[in-house]
Amino acid sequence: MKDVARLAGVSVATVSRVLNDSASVTEATRARVLAAVDELGYRPNAVARSLRTDTTRTIGLVIGDILNPFFTELARAIEDRARAAGYSVVIGNADERPERQDHYVRTLLEQRVDGLLLCPTAEITPLVRDVVRDGGPLVFLDRTLPGLDVPTVRADGTAAIGALVAHLARLGHRRIAFVSGPALLSTGRERTAAFRAALEAAGLPVRPEYLEAGDFQAASGRAAAARLLDLPEPPEVIFAGDNLMALGALDEIRARWLAIPGDVGIASYDDVPWFTHVDPPVTAIGQPVQELGRRAVGALLERIEGRPVEPVVLDARLVVRRSCGEPGDERHGSEGSGRP
């Protein structure tokens with residue numbers, strides 16, 4: 001840090017504030033310090049030492065978006081399992097932003113956590129690459145990054161997506177749209193590939209106008225639903241690639257006074273408790289969140305003990321309710337129609 005401070009012409013305290021994303025540093029100073037960091041190839045000593053020194057009985061958890069109920073439930077499951085093992089959990093919310101992810105990774109390492117659970121953003125940052133190269137206790141959660149040899153604990157939704165599309169086809173649906181997550185994320189790519197394969201297996205065409213890309217946020221789900229519903233031949237069912245985009249799509253459907261499932265059905269990847277309280281309850285693909293949390297902590301504790309860890313892949317499952325025209329919900333098919 002002294003070398004960085006000397007090259008940038010600032011104090012060591014200023015370097016520390018820049019590395020910790022303090023708002024008290026001007027943009028010009030921040031740029032100068034970061035340029036010095038890059039020129040010197042500096043990484044905080046904590047990257048090299050904090051995962052190897054005296055135990056703190058804490059683990060770090062950096063998740064994609066704390067507003068996403070999937071991550072909220074997952075964090076709770078991780079905290080419960082870690083507490084049972086005698087560990088505390090320190091949580092950082094990356095908000096799906098690489099720079100915020102790195103801020104929390106750096107902060108957690110400087111706090112000497114014993115190991116790190118990371119739900120990585122799409123971008124492989126130099127800091128994450130350095131942490132992987134250092135070989136400390138690190139486990140990826142929910143997502144993978146190409147080219148990085150890190151054990152990952154995740155759910156595979158391929159079979160569940162296939163079951164959903166087959167279920168919709170049995171109900172007579174032929175126009176099925178999908179709102180995917182970003183292609184830069186492994187989960188976005190995998191769910192899109194599974195949906196395409198499921199359509200082909202069901203003998204249904206892959207119609208490009210029915211494939212919309214979102215960002216796992218509610219606003220993108222609503223915007224995608226609006227575009228789909230404005231098509232000359234709108235879909236019969238909108239399948240959202242996560243629960244927040246499903247919420248956004250549901251908002252758009254309700255705003256148009258369309259009946260579910262009479263005018264359009266809706267299904268979601270990720271099952272959340274409030275889906276059972278929607279009228280009609282939402283058909284969804286549920287991930288084994290509790291088991292994911294338990295296995296993630298278990299894998300990280302193995303890494304902390306210096307033992308090798310194999311990747312963990314659990315199966316998601318289809319939860320059939322009544323939002324896609326399932327039998328027993330005929331009353332919703334005839335009321336409140338807003339489409340000619």
Side-chain angles (χ1 to χ4, degrees), residues 51 58-85 87-98 100-109 113-125 127-129 131-132 135-157 181-182 184-191 216 241-244 269-272 285-304 308-316:
L51 297 181
T58 60
I59 61 176
L61 169 63
V62 181
I63 58 176
D65 181 3
I66 196 67
L67 293 179
N68 188 322
F70 166 73
F71 287 120
T72 305
E73 185 179 356
L74 183 59
R76 175 61 185 269
I78 288 170
E79 184 181 37
D80 288 346
R81 174 66 180 87
R83 186 171 61 249
Y87 281 78
S88 298
V89 180
V90 183
I91 302 175
N93 173 35
D95 200 28
E96 303 293 7
R97 294 163 52 187
R100 186 167 291 185
Q101 166 195 270
D102 280 6
H103 163 72
Y104 283 113
V105 169
R106 185 180 296 113
T107 299
L108 290 167
L109 294 176
V113 294
D114 294 338
L116 186 63
L117 291 171
L118 174 62
C119 177
T121 60
E123 180 181 335
I124 302 176
T125 65
L127 178 61
V128 170
R129 194 182 298 276
V131 174
V132 173
L138 172 67
V139 172
F140 283 166
L141 190 58
D142 185 53
R143 302 167 181 171
T144 60
L145 286 176
L148 296 185
D149 185 18
V150 178
T152 303
V153 177
R154 65 183 184 89
D156 183 356
L184 290 176
L185 289 176
S186 61
T187 45
R189 295 190 301 272
E190 290 163 4
R191 292 170 195 176
F216 288 148
D242 87 326
N243 64 85
L244 288 181
Y269 195 103
D270 287 339
D271 191 20
V272 292
I285 290 174
Q287 300 195 66
V289 181
Q290 295 298 317
E291 183 70 3
L292 284 171
R294 188 182 71 81
R295 298 288 291 272
V297 173
L300 186 60
L301 295 182
E302 291 289 313
R303 291 296 306 272
I304 291 172
V309 175
E310 294 297 319
V312 175
V313 182
L314 306 175
D315 288 329

Nearest-0.5 Å distance, CD1 of residue I304 to CG of residue D114: 5.0 Å
Chi angles and distances behind the side-chain contact (heavy atoms from CB on, under 4.5 Å) call for V113, I59: CA-CA 5 Å; V113 294; I59 61 176; 5.6 Å; no
E73 bridged to R76 by N-O distance under 4.0 Å: no
Close side-chain approach of R129 to L148, heavy-atom, < 4.5 Å: yes
V150 side chain reached by L145 side chain, heavy atoms, under 4.5 Å: no
Sub-4.5 Å side-chain heavy-atom contact between Q287 and L74: no
Main-chain N/O of I66 paired with T72 side-chain donor or acceptor, under 3.5 Å: yes
Side-chain touch E79/L61, heavy atoms, less than 4.5 angstrom: no
Distance-minimising heavy-atom pair for G181 and F216: CA-CE2, 3.4 Å
Over all atoms of both residues, closest heavy-atom pair of Y87 and L301: CE1-CD2, 3.6 Å
Within-4.5 Å side-chain heavy-atom neighbours: Y269 and T187: no
Rounded distance (nearest 0.5 Å) linking atom CZ of F140 with atom CG of L118: 5.5 Å
Spacing of CG belonging to L314 relative to CD belonging to E291, to within rounding of 0.5 Å: 5.5 Å
L300 and P137, any side-chain heavy atoms less than 4.5 Å apart: yes
R100 (side chain) donor-acceptor with D95 (main chain) under 3.5 angstrom: no
Test item: L244 and D65 side chains (from C-beta on) under 4.5 Å apart, heavy atoms: yes
Check: V309 main-chain N/O paired with E302 side-chain donor or acceptor under 3.5 Å: no
Rounded distance (nearest 0.5 Å) linking atom CG of N243 with atom CZ of F71: 9.5 Å
